[in-house]
A.B. asks: 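Structure incoming, see below.
Keep in mind it's a predicted model, so treat the numbers as computed, not measured.
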Amino acid sequence: MVLTAILVDDDYPVVRYLSQSIAWRELGVELIGCYSNGLEAWEDAQLKQPDIIITDIGMPKMNGLEMLEKFNKVNPSFRAVILSCHNEFHYAQQAMKLRVSDYILKESLDVEQLQQLLHHIAVDLSEEKHKAAEVMMYMQKESLNRSALKDKLLKDTLYQLSWTKEAWIKHARLNGVDLQARYYLPFVVSIDRMPEVSRTRKMNDYTIAFAVENVLQEVLDSMHRSVIFHYSNKELVVLICCEEPVKEQQILYYSLQRAITAMKQYLKISVTCLLGREAAAPEELRLILMPMLKEWSHRFYLEESSICRFEKASFTSGDMYGEYAVFFSRINDMLALNRPEHLEEIVKEWAVWVETNRFPPADVKEWVLQLLMDLQMKTKVTLQVQDSITEEKLYDAINDIHSMEHLRSWIMAYLTELSRRLSVLSIRSKRSEIIRAQKYVIQHVTEKLTLEEMAGYLNLNSSYFSRLFKRETNQNFIEYVNMVKLQKAKQLLQQSNKTVEEISDYLGYANKSYFIKLFKREIGMTPSEFTSWS
């Protein structure tokens, strides 16, 4: 375990001498900074707090004692050594209150003595950190064990049909959970858009659910007696133990509003709370909770970040596909005409139509999947654009969506990206020669294409064709060819197992180095970096 240290002194020769004379590596200490005053050291150390601080007292902007006081407030476990010209008792007395291990006068400074002192500090700190790590590991294990026992209790409550209330309470107490109460108010907390949260926050589902539980527990503990269970990594079940359910429900609504706000503010996570009616026994709880947990379709039309009472939803038996051709045609036209600004209006109109008719959620998802697959097929045929996402992944992505609000925003994001990809390859010129040239490039993207060959294909003079292409498209022909090829390269890097060299050859580049250089210039990163990033 490597410790970190900083040197703070406005006497530059002292800082230089100590930084070079002390055998930092032998001590297991990394010197991470040298500063000329306390303010500079304090501001620079915000991201990485040092374990050891060696400092003078009298310095401009912020003296050593003021700096140590600031460090002490945020990291009380650090150690400090003061090197000072001040041989006054009140300085030493103040220093002793700030985790100072020794107070050394510069006039009597001995590097060997300081080296020995730092050795003892390093040993003590290492032992402290090791013990702290063991305690943390133990606490994490204990937390996991308690959580596992609670989760098992929930499963037993949902599937153990023969329990009396007394037996259930006794079983809970054996697992460290106090469920002694007259009534129980159950509710389910669903983490909205979990796949997106996990991807954007770079956290696994369990960590996200654990963070949500901590915020929820902190808010509820101030007003209620509650027990929180993990039903899944995106759903928590909460039981509020109470004597007067009507009064408790009124307070609970306020508490949940606070919890939702806190999660948005501190975690940047949205949750939806589904409230069940009160129960007096485990059998009643089972009958209330099972539909809330198993029948996701009843939550499909609920607003995200809301608090709702659970009610079995009713859906229309109408045929969604009666309007399919109309919506497909309108969306396809906006994509073909490169008018992404109109897509949002169409998607919004579609969402209102779906919500007004309350079609079964499974039918809505099937309709969307069919629409996107047809759009992919259309673009593939007309512009030779490969699918941005496979049918299997498209199905998985839509299947993971559990609210109309999420589905609408996901469709909009998908269509926006599809529009962006098509805009790169869209043909805007009205000249038949340019249209033929662009279509030829798109359809022969894997071949080596030159200006002269294309001019010959069109029966045009190469100089005339070059000027015409530049005037009509605002870029020269070779720039356009490379743009189309690089779009294809990005797709192959994301969706195939081809190496960079294989892709370079496949796209007609004779020189892999030139392909990499071109890719980096246009995309902003190398093909390998793009693969890791995407």
A.B. asks: Taking CG in Asn474 as the centre, count heavy atoms belonging to other residues, nucleotides or ligands within less than 6.0 Å. Is the count above 12?
C.D. replies: no
A.B. asks: Determine whether a donor-acceptor pair (N or O, by modelled atom type, separation under 3.5 Å) exists between the side chain of Ser198 and the backbone of Pro195.
C.D. replies: no
A.B. asks: Have Thr272 and Asp192 got a donor and an acceptor in their side chains that come within less than 3.5 Å?
C.D. replies: yes
A.B. asks: Run the side-chain contact (heavy atoms from CB on, under 4.5 Å) check on Asn214 and Phe210 step by step: do they pass?
C.D. replies: CA-CA 6 Å; Asn214 283 342; Phe210 185 71; 3.3 Å; yes
A.B. asks: Determine, for Lys152 against Asp156, whether the closest basic-nitrogen to carboxylate-oxygen distance falls under 4.0 angstrom.
C.D. replies: yes
A.B. asks: Mark yes or no for whether Lys485, through its side chain, and Val445, through its backbone, hold a donor-acceptor pair below 3.5 Å.
C.D. replies: yes
A.B. asks: Do Ser21 side-chain atoms and Tyr17 backbone N/O form a donor-acceptor pair below 3.5 Å?
C.D. replies: yes
A.B. asks: Hey, could you give me the OG/CD1 distance between Ser528 and Ile516, rounded to the nearest 0.5 Å?
C.D. replies: 6.5 Å
A.B. asks: Indicate yes or no for a side-chain donor-acceptor contact from Lys150 to the backbone of Phe229 under 3.5 Å, with no hydrogens or angles considered.
C.D. replies: no
A.B. asks: Testing the basics here: between Met412 and Thr416, what is the closest heavy-atom pair and its distance to 0.1 Å?
C.D. replies: O-OG1, 2.7 Å
A.B. asks: Please determine, by modelled atom types, if Glu304 and Ser403 share a side-chain donor-acceptor pair under 3.5 angstrom.
C.D. replies: yes
A.B. asks: Please report whether the ring centroid of Tyr184 lies less than 6.0 Å from that of Trp168.
C.D. replies: yes
A.B. asks: Looking at Arg299 and Met292, would you say the former's side chain and the latter's main chain have a donor-acceptor pair under 3.5 Å?
C.D. replies: yes
A.B. asks: If you draw a 6.0 Å radius around CD in Glu218, do more than 12 non-hydrogen atoms from other residues or ligands fall strictly inside?
C.D. replies: no
A.B. asks: Could you tell me which non-hydrogen atom of Val8 sits nearest to which non-hydrogen atom of Ala41, and how far apart they are?
C.D. replies: CG2-CB, 3.7 Å
A.B. asks: Quick one: does Ser19's side chain have a donor or acceptor within less than 3.5 Å of a partner on Val15's backbone?
C.D. replies: yes
A.B. asks: Can you find a heavy atom in the side chain of Leu27 that is under 4.5 Å from one in the side chain of Gln115?
C.D. replies: yes
A.B. asks: About how many Å separate NE2 of His119 and CG of Asp124, when rounded to the nearest 0.5 Å?
C.D. replies: 9.5 Å
A.B. asks: Please report the closest heavy-atom contact between Tyr231 and Lys294, naming both atoms and the distance.
C.D. replies: OH-NZ, 3.3 Å
A.B. asks: Nearest 0.5 angstrom please: Ser226 OG to Leu216 CG, how far?
C.D. replies: 7.0 Å
A.B. asks: Will you find, in the side chains of Thr261 and Gln265, an N or O donor that is under 3.5 Å from an N or O acceptor?
C.D. replies: no
A.B. asks: Backbone N or O of Thr55 within a donor-acceptor pair of the Asp9 side chain at under 3.5 Å?
C.D. replies: no
A.B. asks: I'd like to know if the side chain of Asn175 reaches the main chain of Val177, judged simply by a donor and an acceptor atom lying under 3.5 Å from each other, with no hydrogens or angles considered.
C.D. replies: no
A.B. asks: Could you check whether any side-chain heavy atom of Leu18 comes within less than 4.5 Å of a side-chain heavy atom of Leu114, counting everything from C-beta outward?
C.D. replies: yes
A.B. asks: For Met263 and Lys268: C-alpha separation, side-chain torsions, deciding distance, then whether side-chain contact (heavy atoms from CB on, under 4.5 Å) applies.
C.D. replies: CA-CA 6 Å; Met263 286 178 210; Lys268 311 300 181 194; over 6 Å; no
A.B. asks: Shortest non-hydrogen contact from His230 to Ala209?
C.D. replies: CE1-CB, 3.8 Å
A.B. asks: side-chain contact (heavy atoms from CB on, under 4.5 Å), that's the test. Do Tyr480 and Asn476 meet it? Break it down for me.
C.D. replies: CA-CA 6 Å; Tyr480 178 78; Asn476 67 48; over 6 Å; no
A.B. asks: What distance separates Asn37 CG from Asn63 CG, expressed to the nearest 0.5 Å?
C.D. replies: 10.5 Å
A.B. asks: Is the shortest side-chain heavy-atom distance between Leu158 and Val237 below 4.5 Å?
C.D. replies: no
A.B. asks: What do the steps show when you test Ile503 against Val500 for side-chain contact (heavy atoms from CB on, under 4.5 Å), and what is the final call?
C.D. replies: CA-CA 5 Å; Ile503 292 173; Val500 174; 5.8 Å; no
A.B. asks: Is any side-chain heavy atom of Leu179 closer than 4.5 Å to one of Val227?
C.D. replies: yes
A.B. asks: Side-chain contact, heavy-atom cut-off 4.5 Å: Ile53 with Met67?
C.D. replies: yes
A.B. asks: Can you classify the ring geometry of Phe78 versus Phe71 as parallel (below 30°), tilted (30 to 60°) or perpendicular (above 60°)?
C.D. replies: tilted
A.B. asks: Could you grab the distance from atom CG of Leu154 to atom CG of Leu239, nearest 0.5 Å is fine?
C.D. replies: 7.5 Å
A.B. asks: Relative to the ring of Trp410, is the ring of Tyr414 parallel (under 30°), tilted (30 to 60°) or perpendicular (over 60°)?
C.D. replies: parallel
A.B. asks: Pairs of donor and acceptor atoms involving the side chains of residues 244-253, under 3.5 Å and at least two apart or interchain, shall be tabulated with distances.
C.D. replies:
from	atom 1	to	atom 2	distance (Å)
Glu248	OE2	His224	ND1	2.7
Gln249	OE1	Arg309	NH2	3.3
Tyr253	OH	Gln257	NE2	3.4

A.B. asks: Just wondering, do Asp56 and Leu83 contact through their side chains at under 4.5 Å, heavy atoms?
C.D. replies: no
A.B. asks: Grab the two heavy atoms, one from Ile288 and one from Ala279, that are nearest each other, plus how far apart they are.
C.D. replies: CD1-CB, 3.8 Å
A.B. asks: When you measure from the side chain of Glu26 to the backbone N and O of Ala23, does any donor-acceptor pair fall under 3.5 Å?
C.D. replies: no
A.B. asks: Without swapping roles, check the side chain of Thr4 against the backbone of Ile32 for a donor-acceptor pair under 3.5 Å.
C.D. replies: no
A.B. asks: May I ask you to decide whether Glu66 forms a salt bridge with Lys61, counting only side-chain N to carboxylate O separations under 4.0 Å?
C.D. replies: no
A.B. asks: Answer yes if the side chains of His402 and Lys234 hold a donor-acceptor pair under 3.5 Å, and no otherwise.
C.D. replies: yes
A.B. asks: Do the non-hydrogen side-chain atoms of Glu278 and Cys242 ever get within less than 4.5 Å of each other?
C.D. replies: no
A.B. asks: For the residue pair Asn497 and Glu502, what are the closest heavy atoms and their distance?
C.D. replies: O-OE1, 4.3 Å
A.B. asks: How long is the span from the CG atom in Leu274 to the CD atom in Glu235, to the nearest 0.5 Å?
C.D. replies: 9.5 Å
A.B. asks: Side-chain contact, heavy-atom cut-off 4.5 Å: Ile121 with Leu125?
C.D. replies: yes
A.B. asks: Is any NZ, NE, NH1 or NH2 atom of the basic residue among Asp178 and Arg225 found under 4.0 Å from an Asp or Glu carboxylate oxygen of the other?
C.D. replies: yes
A.B. asks: Between Tyr509 and Asn482, does the side-chain hydrogen bond (donor to acceptor under 3.5 Å, both in side chains) criterion hold? Intermediate values first, please.
C.D. replies: CA-CA 10 Å; Tyr509 290 103; Asn482 284 327; 2.8 Å; yes
A.B. asks: Are more than 12 heavy atoms from other residues, nucleotides or ligands located less than 6.0 Å from atom NZ of Lys155?
C.D. replies: yes
